[in-house]
There are 2 protein chains.
Amino acid sequence: MTGRQIGRVDAVKRTTVRLQDVAELAGVSLASASRVLNANSPTYRGRGDLRERVLAAAAELGYEPNLHARALASATSNTIGLVVHDVSDAYFGLLSSSVVRAADKHDLLVTMVCTYRDPASELKYVKLLRAQRPRAIIMAASGYTQKAQYGPIMDELSKFEAAGGVVVSLAGGRGVGHRMVVGNKEGARSLAHALVELGHRTFAIAVGPTALVTVRDRVDGFRQGLADHGIEVAKDNLYPGDTSREAGMRVAEAIKSSPDRPTCVFGVFDVVAAGVVAGLQRLGVDVPGEVSVAGFADVPLAAQITPALTTVSIPLDLVGQQAVDLALTESAVPRTVSYQGNVIMRQSTAPPPA
Amino acid sequence: MTGRQIGRVDAVKRTTVRLQDVAELAGVSLASASRVLNANSPTYRGRGDLRERVLAAAAELGYEPNLHARALASATSNTIGLVVHDVSDAYFGLLSSSVVRAADKHDLLVTMVCTYRDPASELKYVKLLRAQRPRAIIMAASGYTQKAQYGPIMDELSKFEAAGGVVVSLAGGRGVGHRMVVGNKEGARSLAHALVELGHRTFAIAVGPTALVTVRDRVDGFRQGLADHGIEVAKDNLYPGDTSREAGMRVAEAIKSSPDRPTCVFGVFDVVAAGVVAGLQRLGVDVPGEVSVAGFADVPLAAQITPALTTVSIPLDLVGQQAVDLALTESAVPRTVSYQGNVIMRQSTAPPPA
DNA sequence: CTGAAAGCGCTTACAG
DNA sequence: CTGAAAGCGCTTACAG
């Protein structure tokens, strides 16, 4: 260790190991040490035992490169930003897990933020993420239907793209980055067809938060599926709410006391649908004997309640992997990848009572 | 924009805005621009409209600071590392969500990694995280019982600490960093007491992966609770397995055909316990009429299956918040914070058949 | 292959 | 309060 140390470094005894330290211990230059420690120099071998010396020195010192310095110097990062509504929601939990797993294969770290369905917080997070200079941002939080809400977010995303970042949108997206269509609309439409086929003609929809594109897509798809058979959903059979089980239970109460009770309820989220089932049961309404209930997404819960929930499954595992793949493709032309939702008929639906 | 630009910057037209650009547009020095844009200079106001000019320039250019540069220059970061087994597991999903939410209050970003219960991958991730120089690392993945597995991980964590990082361990921990005790042992013990009080004397345990400290704690606590009443669990009534629903179903089969069937089964994870319930039901065994089943953690699923699952609730929301609080306390003496598990009696348990 | 040096975009003593 | 300058820990042309 030659040379004097300067300023603040002097004050606190340095306890963190730098590449410099490794190079000195190995008796090579900074540049050489950097080269052997990096995959960036693919053909580089090093003369004699240089490589071994550097590796040994790094191991001995417990050297771990400073990713900030690396990112700054090389203008690349090994991070992916992931924006979801709420990881504790099974849908996003599953998705996040598969994103993290796929990222791992590329030695990428994922920084996850939760918006809790608040556009302002989503905007704030996209800015923060942008500051972190990730390689890509995956927007899994569903987009908003209102321009006032999604506009500023898209602006940030555009700036991120302009600076070389990749954007992948799972909902909404409006022209920024790659897009993934996860079968919300088509899946809901197919579900409607299946339910009509069972014999249902009167429906209610537990709509959830209407400001979300995902919700709009599922509801639109469902109504279109009904419309294909000339069926409409009465205005007061549309129940907005949040995405909680409780919201579903409230819908159950409303339906129970409704003058002309529908024979089938579609919950835009499985959890809500499960709440409808539980609510109806508590009120003594038989599911599916008197009322059928269907959900959307096929989270694990769907198969585990009694009766098991009819729903539309989304291949979240594939979606997550694909999102990472797209995140890694810097093609100038944005791509669109689509998935189909699969209708899963279970015991919560049956023909309507005669 | 005066002066020549050099080297690689010349090649690609720069598209990313630097503090330099903001300073120039505002007509102030780099230092001044930095000061107004940072909370680091609390008393700083700036002369005249300097502050406004900088803010206006930043807004006009859509400036977002480069966190890597900032981290490098200031030797602090706004990131927290979170290590869990699997976010798609409700327990970790809930915990992660509360960690993310708490981190948000301090404008901290969380980088989440999933180990999928593989010590090698956990080690790799702790290294990677260390390279990212987060302010703290929260180890929520349960520790391993074997020294060969946790040793190398603890070594990395120690180095991280030595370099000024804070470590918070939710399971295991072995002398590195702050520790949180989430009530595994005591909660399981209380659960055992409650079940004995119901009248049960013969028990089986769906043990899960025995290499985990969490598992060991819950099993030990439960057995100790039984021992408090002079009850032992027969060797072949201990069923190791993984943490899946299927594992629980296999246990159900084993129990069904067991010569002396226990009257009560404890599943170390709610999901496994739910599998036991489903498995028994499928085999025509009434729960809780013939066999009672209890789980651990009180994930949302527990309350939603039929019959609803008796379990021990862990205040995951508080735990997550507290973990972030600890992550922010750099006290030299490691702290230990404990939580109690709460026994929640539901319909999956009842007195044994007469 | 190798090393000296410039540069990445910030922060922060230091000296006005 | 303000600005010029050094420094954070790396990478990477550039010149041997």
Side-chain angles (χ1 to χ4, degrees), chain A residues 3-12 14 16-24 26-51 53-54 58 63-78 131-133 163-164, chain B residues 3-12 14 16-24 26-51 53-54 58 63-78 131-133 163-164:
Chain A
R4 301 191 56 248
Q5 299 192 344
I6 329 148
R8 64 197 122 138
V9 176
D10 236 359
V12 191
R14 196 189 31 254
T16 135
V17 181
R18 304 159 309 163
L19 184 55
Q20 180 81 266
D21 303 317
V22 174
E24 277 169 15
V28 302
S29 72
L30 240 192
S32 292
S34 173
R35 289 189 190 104
V36 343
L37 260 17
N38 269 291
N40 303 11
S41 319
T43 62
Y44 186 80
R45 296 274 83 198
R47 182 182 295 163
D49 63 342
L50 182 147
R51 181 186 186 74
R53 293 211 314 277
V54 171
Y63 173 70
E64 206 55 52
N66 183 321
L67 256 31
H68 294 303
R70 180 119 95 191
L72 193 55
S74 67
T76 66
S77 102
N78 69 148
Q132 209 196 226
R133 304 290 192 271
Chain B
R4 300 190 58 248
Q5 298 192 343
I6 328 148
R8 63 199 122 136
V9 178
D10 235 359
V12 191
R14 196 189 31 257
T16 135
V17 181
R18 302 159 309 164
L19 183 56
Q20 179 82 267
D21 303 318
V22 174
E24 279 170 12
V28 302
S29 73
L30 240 192
S32 292
S34 173
R35 289 190 190 101
V36 343
L37 260 17
N38 270 290
N40 303 12
S41 318
T43 62
Y44 186 81
R45 295 274 83 197
R47 180 182 297 161
D49 64 344
L50 182 146
R51 181 184 186 75
R53 291 211 314 277
V54 171
Y63 173 69
E64 204 57 50
N66 183 322
L67 255 31
H68 294 303
R70 185 177 275 179
L72 193 55
S74 67
T76 67
S77 103
N78 70 147
Q132 211 196 225
R133 304 290 191 273

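Throughout, a chain's letter reflects where its sequence line sits, starting with A, and its residues are numbered from 1. Below, each value reflects all heavy atoms present in this structure, side chains not excepted, and no hydrogens, waters or symmetry copies.
When rounded to the nearest whole Å, the span between CZ of B:Arg53 and C1' of D:dT2 equals 12 Å. The nearest whole Å value for the distance from the CG atom in A:Leu19 to the C1' atom in C:dA5 is 15 Å. B:Leu50 places its CG atom 5 Å from the P atom of D:dT2, with the value rounded to the nearest Å. Computed from coordinates, the A:Gln20 CD to C:dA5 P distance equals 13 Å when rounded to whole Å. Nucleotide C:dC8 holds its P atom 9 Å from the CG atom of A:Leu72, rounded to whole Å. Between the P atom of D:dG7 and the NE2 atom of A:His68 lies a distance of 21 Å, rounded to the nearest Å. B:Arg18 has its CZ atom 12 Å from the P atom of C:dG7, to the nearest Å. If you take CG of B:Leu30 and P of D:dG3, they are 10 Å apart, rounded to a whole angstrom.
The nearest heavy atom of DNA chain D to B:Val28 and to B:Ala69 marks one nucleotide each, and the one closer to the 5' end goes with B:Val28.
C:dT12 and C:dG16: their C1' atoms are spaced 16 Å apart (whole Å).
Note on B:Asn38: a side-chain N or O is less than 4.0 Å away from OP1 or OP2 of C:dT11. In this model, the phosphate group of C:dT2 is not approached by any side-chain N or O of A:Ser29 to a distance below 4.0 Å at OP1 or OP2.
Here D:dA15 sits opposite C:dT2 as a Watson-Crick or G-U wobble pair (both hydrogen-bonding atom distances under 3.5 Å).
Heavy atoms of B:Ala75 sit nowhere under 4.0 angstrom from any nucleic acid atom. In this structure, A:Leu67 reaches neither bases nor backbone, as no heavy-atom distance under 4.0 Å exists between it and the strands shown.
Remark: the backbone N or O of A:Arg70 is paired with a side-chain donor or acceptor of A:Ser74 at under 3.5 angstrom. A:Thr16 places no side-chain N or O within donor-acceptor distance of the main-chain N or O of B:Ala163, the cut-off being under 3.5 Å. Looking at B:His68, its side chain never comes within 3.5 Å of a backbone N or O of A:Ala69 through a donor-acceptor pair.
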- Derivation and outcome, side-chain contact (heavy atoms from CB on, under 4.5 Å), residues A:Leu19 and A:Ser34: CA-CA 7 Å; A:Leu19 184 55; A:Ser34 173; 3.7 Å; yes

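When distances are taken from the side chain of A:Arg35 to each of D:dC10, C:dA4, D:dT2, the shortest belongs to C:dA4.
Heavy-atom minimum distance, B:Gln20 versus B:Leu30: N-CD2, 3.9 Å.
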